[in-house]
Amino acid sequence: MAKKKNNKKWWALAVLALAVAAPVAHHLLAKRDLPISIDKEKVARRDITETVVANGKVEAVTEVNISAEVSGEITALPVKEGQVVKKGDLLVKIRPDSYVAARDSAEANRRMSVANQNTASANLEKAKLEYERNKALFDASLISQSDFLTAKTAYDVAVTTLAAAEEQVAMAKAQVNTAEVDLTKTTIYSPLDGTISKLNSHLGERVAGTAMMAGTAIMIVSDLNEMEARVDIGEVDVVLIAIGQKAKLEVDSFKDRKFNGVVTDIANSANNNDLTVAGSSGSSSSSASPDATKFQVRIRLTDKERFLPGMSVTANVETRYHSNVLSVPIQCVTTRLPKPVTNSLAGAKGPGSNAVASAATTNTALTNAAPLKKGEEPKAVEVVWVVDGDHVKMAPVKRGISDDNYVEISDGLKDNEEVVVGGFKAINRDLADGKKVVVNTGEAKKDKEPKTGSS
């Protein structure tokens, strides 16, 4: 009897739980079936120009670092930063006293070497005459062989002494030339027509210089008539850059203006400096941390303006151009993982069965597109949502190039198909194959512009 009462109790609890769960389940199912509000746009043909974006500095194409080649005190500095100079104008003088003294000492040493050479030449002439006289006497058996050999040895020594004296003269002349060159280096003239773009030293300052390494950097003379942008581009994007490509440049000092440029040089080795640069293809930006591998690219500015070295610049290099290609707004493309197809999906009947069958077909296509090896995880694929009546279907696509607004679709879509362009949440999370949708019209379309989706 007690057992029957317990069974009735459990049945009552089960009925109560079912009564509570049914409305909740009904609510969730009703919510799941609610259509999602979307914006749509037709697939169209457009001209797309892909760009790589990078930041850098404006510099002169031709600039010369003026460095000290000798050490000493600056006694004349007749220029100032920003001054225009002509080729041959005096830029700096270094106190020449010690170099004048060194030149005079070398000259005196040369004169002494010449005197020694003259003495050696006279001694040789004397030894030669003595040798010839003793040779004649020896041939006539009038002197001993010992006396003849003494005269011959004296002659050979005189010949060697003269040769050594001549080498001493040559060395002395070289020392004079070196001293003369060092003396001329105390006066520096402008090597080109240009502008003093940077002045590091001051009158009275001591500078250091040696023949073996660069000395104190005194100033920089630049030709500001020809300017270029030097930008750093990441290793992913630099392979898209080629000499002769056109570029649009924005210089921070000239707001709301764009200048034309042409790529003239691409570095053959990485330049890992601390300049943080953002490089990107199309609308996606590749981050460039200070440790990222970057290559310097030089872009000649073809437009003339009062550019100054060191101005910040943003370059948009046109890398590829495709004309009349199928394209969609860039926010249309997202990524999804393929889902396994179940028998219940494949055999669905009734309302919405076409959309469900489409889902099965799409997922099968996604899964079969790249057969998975044992233990391999499925990879996300790029898709767009195609509007089919009041439903959407997922279409896997292949991307081409892209610009800031549109992306080329090389496979997966047809002309005039309608695709979902917004909103961001719907494209990237809410939409599913066969999902019901309602298109925004009128006031409902005043939502925020959709953000760029993941691509």
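From a predicted model like this one, the values you see are computed outputs, not experimental measurements.
Here CD1 of I74 is found 4.5 Å from OG of S201. Values are rounded to the nearest 0.5 Å. One finds the OG atom of S410 at 10.0 Å from the CZ atom of R399 (value rounded to the nearest 0.5 Å). T334 OG1 to N428 CG: the interatomic distance, rounded to the nearest 0.5 Å, is 3.5 Å. With values rounded to the nearest 0.5 angstrom, L240 atom CG is found 9.0 Å from I233 atom CD1. Remark: Q83 CD to S197 OG distance equals 12.5 Å, nearest 0.5 Å.
A side-chain donor-acceptor contact under 3.5 Å links D303 to the backbone of N260. Of the possible donor and acceptor atoms, none in the side chain of S105 sits under 3.5 Å from a partner among the backbone N and O of A101. In this structure, the side chain of T119 engages the main chain of A115 through a donor-acceptor pair within 3.5 Å. Judged by distance alone, with hydrogens and angles left aside, the side-chain atoms of D388 form no donor-acceptor pair with the main-chain N or O of H391 at under 3.5 Å. T62 places no side-chain N or O within donor-acceptor distance of the main-chain N or O of D223, the cut-off being under 3.5 Å.
At a cut-off of 3.5 Å, with distance as the only test, a side-chain donor of Y321 or D47 sits close to an acceptor on the other residue. Side-chain contact of S190 with K86: a donor-acceptor pair under 3.5 Å is absent, judged by distance alone.
Under the 4.5 Å side-chain criterion, counting only non-hydrogen atoms from C-beta, I243 is not in contact with T264. Looking at heavy atoms from C-beta onward, V231 lies out of side-chain contact with N55 at the 4.5 angstrom threshold. Side-chain contact between V397 and D411 is absent, with no heavy-atom pair separated by less than 4.5 Å. In this structure the side chain of I299 reaches within 4.5 angstrom of the side chain of L249, judged on heavy atoms. With contacts defined as side-chain heavy-atom distances shorter than 4.5 Å, the pair E382/P396 does not qualify.
The pair K42-E418 fails the salt-bridge criterion, with no side-chain N (NZ, NE, NH1 or NH2) lying under 4.0 Å from an Asp/Glu carboxylate O. Between E59 and R230 there is no salt bridge, since no side-chain N of the basic residue sits under 4.0 Å from a carboxylate O of the acidic one. We find that E81 and K198 are not joined by a salt bridge, their nearest charged nitrogen and carboxylate oxygen being 4.0 Å or further apart. With respect to R103 and E107, no salt bridge is recorded, no charged nitrogen being found less than 4.0 Å from a carboxylate O. Using a cutoff of 4.0 Å between basic side-chain nitrogens and carboxylate oxygens, E180 and K173 are not scored as salt-bridged. For the pair E250 and K255, the salt-bridge criterion is not met [side-chain N within less than 4.0 Å of a carboxylate O]. With salt bridges taken as basic N to acidic carboxylate O contacts below 4.0 Å, none links K87 and D193.
The two residues G204 and E73 have their closest heavy-atom pair at O-CG, 3.6 Å. When all heavy atoms of A395 and L413 are compared, the closest pair comes out as CB-CD2, 4.4 Å. Closest heavy-atom contact between V421 and P329: CG1-CG, 3.8 Å. Residues M394 and W385 approach most closely at CB-CZ3, 3.3 Å, considering heavy atoms.
Residues satisfying the salt bridge (charged side-chain N to carboxylate O under 4.0 Å, His left out) test with E69, not counting sequence neighbours, are K185. For S253, the side chain to side chain contact (heavy atoms under 4.5 Å, CB included) partners at least two apart in sequence or on another chain are V251, M311.
Heavy atoms of other residues, nucleotides or ligands lying less than 6.0 angstrom from NZ of K304 number more than 12.
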